Amino acid sequence: MSSRRSRSRQSASSGISDDQIIELVSRLQQLLPELRHRRSDKVSASKVLQETCNYIRSLHREVDDLSERLSELLATSDTAQAAIIRNLLM
Amino acid sequence: MMSSLVANPVASSDRSRDSRRKKKKKAQVQSRAQESTQPSYAKWKSESQQQIYSSKLVQALSQVRLGDMAAPPRGRAVREAADRALAYAAKGRTRWSRAILTNRIKLSRFRKQRRQRSASAMAALTGSSRSKKPRVSVHRLKGKSLPAVQKKVKVLGRLVPGCRKEPLPVILDEATDYIAALEMQVRAMSALARLLSGDGSSSSSVSELPPSG
């Protein structure tokens, strides 16, 4: 077992078990809206990975759209409303 | 326990030292979401986290001179501000957040300094953050060594910032946190957009933010 301090986490890589991978995958599965209600033994790792990629991409798109919207809203009202929001939120 | 920060097999003779070390380890292991009761990415669901993020976001946005910009770069500027605020909110505990923050700094020299500093600070938490990591062979994993799976892992590694060259378990871990953070980002930005577009009632307070989870 590697005992190098700097690789405390990576040292586990030589000893990373399938179980740990399985757990990581099922943890990820719980987050995915498409797959979270399916039993983990019925969903393949490949499917989870695919859904993860799709989900991240759709989240990115959503953030981009929201950014566009926010940029329009903020540009038109300029700093006045931003200040109002700031007061509301703090 | 694989989380041996100080691999010191002979020190176990001293029980009290050991227990103290265990306590320290425990606190750090918790933040790595390995055996904690509450996974570290769950913090992205909390309302307080969302509020913290929202106020950071608003601050960042009000500093960007959006009124002076043309339309195309504007959305981009908002997106970058939102991502930066998100990365700050992560408190540097994840690779994706560090990658977002270091990407901003164009000077490569600065980037190296950042890496070294964060390496020493984060070494205890996340192990080596140097770029020259030994690559874990994904081939070792039975059943997960299929080329289809490997390809998807690569794609995923490209989607999550800072994870291009990371081994499978790291990518999975980072992706989990990243997704939870992105969801919070979407919630916060939607709420902000609603507020700004005057959708909610004028008496809307912060509690108008959508209930999380």
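This one's a predicted model, so the numbers in the text were calculated from it and none came from an experiment. Chain letters run A, B, ... following the sequence lines, proteins first and then strands; every chain starts at 1.
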Partner of B:Leu159 under side-chain contact (heavy atoms from CB on, under 4.5 Å), chosen from A:Asn54, A:Leu59, A:Thr52, A:Ile56
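The residue from A:Asn54, A:Leu59, A:Thr52, A:Ile56 that satisfies side-chain contact (heavy atoms from CB on, under 4.5 Å) with B:Leu159 turns out to be A:Ile56.
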
Which heavy atom of [X] sits nearest a heavy atom of [Y], and at what distance?
X	Y	result
A:Arg27	B:Thr176	NH2-OG1, 3.8 Å
B:Gly75	A:Ser67	O-CB, 3.5 Å
A:Ser71	B:Val78	CB-CG2, 3.5 Å

Please lay out, stage by stage, how B:Val155 and A:Arg57 fare under the test side chain to side chain contact (heavy atoms under 4.5 Å, CB included).
CA-CA 11 Å; B:Val155 171; A:Arg57 279 197 208 105; 3.5 Å; yes

Under the ring-ring contact (aromatic ring centres under 6.0 Å, His included) definition, can you give me all pairs with a residue in residues 157-177 of chain B, not counting sequence neighbours?
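Listed once each, the pairs would be none.
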
Could you name each residue pair satisfying ring-ring contact (aromatic ring centres under 6.0 Å, His included) that touches residues 162-194 of chain B, not counting sequence neighbours?
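Listed by first then second residue: A:His60-B:Tyr178, B:Trp96-B:Tyr178.
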
For B:Arg164, I'd like to know if atom CZ has over 12 heavy atoms of other residues, nucleotides or ligands within 6.0 Å.
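Check fails, neighbour count at 12 or below.
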
Using a 6.0 Å cut-off, check whether atom NZ of B:Lys56 has over 12 heavy atoms from anything other than its own residue.
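It does not: B:Lys56 NZ has 12 such atoms or fewer within range.
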
Taking atom [atom1] of [X] and atom [atom2] of [Y], what is their separation to the nearest 0.5 Å?
X	Y	atom1	atom2	result
B:Arg79	A:Asp65	CZ	CG	10.0 Å
B:Leu192	A:Leu70	CG	CG	5.0 Å
B:Leu61	A:Leu73	CG	CG	11.0 Å
A:Leu28	B:Asp177	CG	CG	11.5 Å
A:Leu32	B:Ile179	CG	CD1	5.5 Å
B:Lys152	A:Cys53	NZ	SG	8.0 Å

Side chain to side chain, B:Gln185 and A:Glu62, heavy atoms closer than 4.5 Å
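Of all side-chain heavy-atom pairs linking A:Glu62 with B:Gln185, none is under 4.5 Å.
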
Residue among B:Ala81, B:Ser190, B:Ala82 with most heavy-atom pairs under 4.5 Å to chain A:
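Ranked by heavy-atom pairs under 4.5 Å with chain A, first place is B:Ser190.
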
